[in-house]
Amino acid sequence: KIYQFRHPDLVFDAFHCMYAFSIVIVMEAWSIYIFSSKIKVLFNVIFVILYVGVFCKIALECYYYGAINITNLPIILSHSFKNIQSCLYPRRFVRCIICGIFNVGIMVFTVHRSFEEGANSLSTPILVILAVNVAFGLSYYMVNKILEIFKNHEGEAGQRQWAMRFFSFTFFLLALVLGLVAMFFYNKRHASRNFTPPESRNLNNICEWMDFFDSHDMWHFVSATALFLSFIFLLTIDDDLLDTPWDSIQVF
């Protein structure tokens, strides 16, 4: 969504998104029933190929702003290798490198975790992958947004824009705080898909909240509130640009 703000012509349509979610759901369901070491190796090879492929695709899209396609890919690769000592977009390059380091770390952790005894669900790694990348994307956009704000001198007309920004940033901070609280409750859950039903049942505990809700219930309540606030943040982050002509909006 935040990528579409500055690049309305570069979007992933609903079909691609649904295909991606379908693959993720199939991989997550498959991971629960894998006990053999050989099958785990096959599963992780597929997981790593898909992970690296998707990351490289998104990183190239973010760096070249969607300029790459099948027809001009050889030309761009040839130009890149000839000018390997210089960087066309330093800020975007640093962003891709840092994001790549985070994702490689998550990938290594996921693969190492999968070889532990018994089956290991992909539920938590998928949640971590999505949360880290969304947080990184939001942080990158917020930093650029703040830099854009301080570079522009708006005069008297800036008071209304500053009010819009204040409420938008407030929603972002509240969503971030509640997201961290939600992760705390998620880590305290009293069940596990990696165990058999009897073993998972042994993890059950007395409901701590209002003598009715357990930590998993609180995870859903708090995370839903954090998601709602993040959506409000996304809907309002660029309201200060409503009166700005499209050709005057900075691209980042």
Side-chain angles (χ1 to χ4, degrees), residues 1-3 10-64 66 68-70 73 77 92-140 179-180 182-189 191-197 199-200 203 216 219-220 223 226-227 230:
K1 181 60 181 176
I2 58 175
Y3 192 67
L10 302 175
V11 297
F12 292 97
D13 58 36
F15 296 102
H16 290 125
C17 292
M18 291 307 300
Y19 291 147
F21 278 121
S22 300
I23 293 173
V24 169
I25 291 172
V26 169
M27 294 288 288
E28 194 274 337
W30 185 17
S31 66
I32 300 176
Y33 301 99
I34 297 178
F35 297 91
S36 170
S37 298
K38 294 181 180 179
I39 303 298
K40 285 185 177 182
V41 171
L42 174 62
F43 177 84
N44 281 291
V45 168
I46 296 174
F47 170 76
V48 169
I49 292 174
L50 290 175
Y51 198 154
V52 173
V54 171
F55 175 79
C56 291
K57 165 68 174 175
I58 296 176
L60 289 173
E61 289 284 347
C62 292
Y63 185 79
Y64 288 105
I68 292 183
N69 53 48
I70 299 298
L73 180 59
L77 290 177
R92 296 183 217 167
F93 181 76
V94 171
R95 173 198 179 185
C96 293
I97 292 297
I98 296 175
C99 188
I101 292 173
F102 277 108
N103 279 277
V104 169
I106 296 173
M107 183 178 67
V108 171
F109 161 76
T110 303
V111 173
H112 179 268
R113 175 180 176 271
S114 68
F115 283 101
E116 295 178 355
E117 185 178 356
N120 287 281
S121 172
L122 269 182
S123 301
T124 299
I126 289 173
L127 181 63
V128 172
I129 291 169
L130 297 177
V132 168
N133 284 280
V134 169
F136 187 85
L138 288 176
S139 301
Y140 177 80
L180 294 175
M183 291 305 298
F184 168 77
F185 285 119
Y186 182 81
N187 289 326
K188 288 186 62 179
R189 62 191 185 279
S192 176
R193 294 184 181 181
N194 299 330
F195 298 156
T196 62
E199 291 173 337
S200 179
L203 298 176
H216 194 74
W219 142 254
H220 282 292
S223 62
L227 286 174
S230 64

Self-check item: Rounded distance (nearest 0.5 Å) linking atom CZ of Phe115 with atom CG of Asn44
Solution: 4.5 Å
Quiz prompt | Worked verdict on Phe109 versus Val128 for side chain to side chain contact (heavy atoms under 4.5 Å, CB included) | solution = CA-CA 11 Å; Phe109 161 76; Val128 172; 5.7 Å; no
Which atom pairs, one a donor and one an acceptor, fall under 3.5 Å between side chains of residues 131-138 and the rest of the protein, sequence neighbours left out?
from, atom 1, to, atom 2, distance (Å)
Asn133, OD1, Asn103, ND2, 3.0
Asn133, ND2, Asn103, OD1, 3.1
Asn133, ND2, Ile129, O, 2.7

Quiz item: Which value, rounded to the nearest 0.5 Å, describes the distance between Trp30 atom CH2 and Met27 atom CE?
Solution: 6.5 Å
Quiz item: Quick one: NE2 on His220 to CG on Leu227, what's the gap to the nearest 0.5 Å?
Solution: 11.5 Å
Quiz item: With sequence neighbours left out, what residues match Phe47 under ring pair (Phe, Tyr, Trp, His ring centres under 6.0 Å)?
Solution: Tyr51
Quiz item: Closest approach of Gly179 and Ala226, non-hydrogen atoms and distance?
Solution: N-CB, 3.8 Å
Quiz item: Got a second to check how far Leu42's CG is from Ile46's CD1, nearest 0.5 Å?
Solution: 4.5 Å
Quiz prompt | Contacts of type ring pair (Phe, Tyr, Trp, His ring centres under 6.0 Å), residue Phe55, not counting sequence neighbours | solution = none
Practice problem: Give, for atom CD1 of Ile106 and atom CG of Leu130, the distance between the pair rounded to the nearest 0.5 Å. | Solution: 9.5 Å
Practice problem: Search all heavy atoms of Ser31 against all heavy atoms of Leu122 and return the closest pair with its distance. | Solution: OG-N, 3.0 Å
Exercise. Provide the closest heavy-atom pair for Ala59 versus Cys96 in the form atom of the first, atom of the second, distance.
Key: O-SG, 3.8 Å
Exercise. State, yes or no, whether a side-chain contact exists between Lys40 and Phe35 at a heavy-atom distance under 4.5 Å.
Key: no
Quiz item: What distance separates Ser139 OG from Arg95 CZ, expressed to the nearest 0.5 Å?
Solution: 10.5 Å
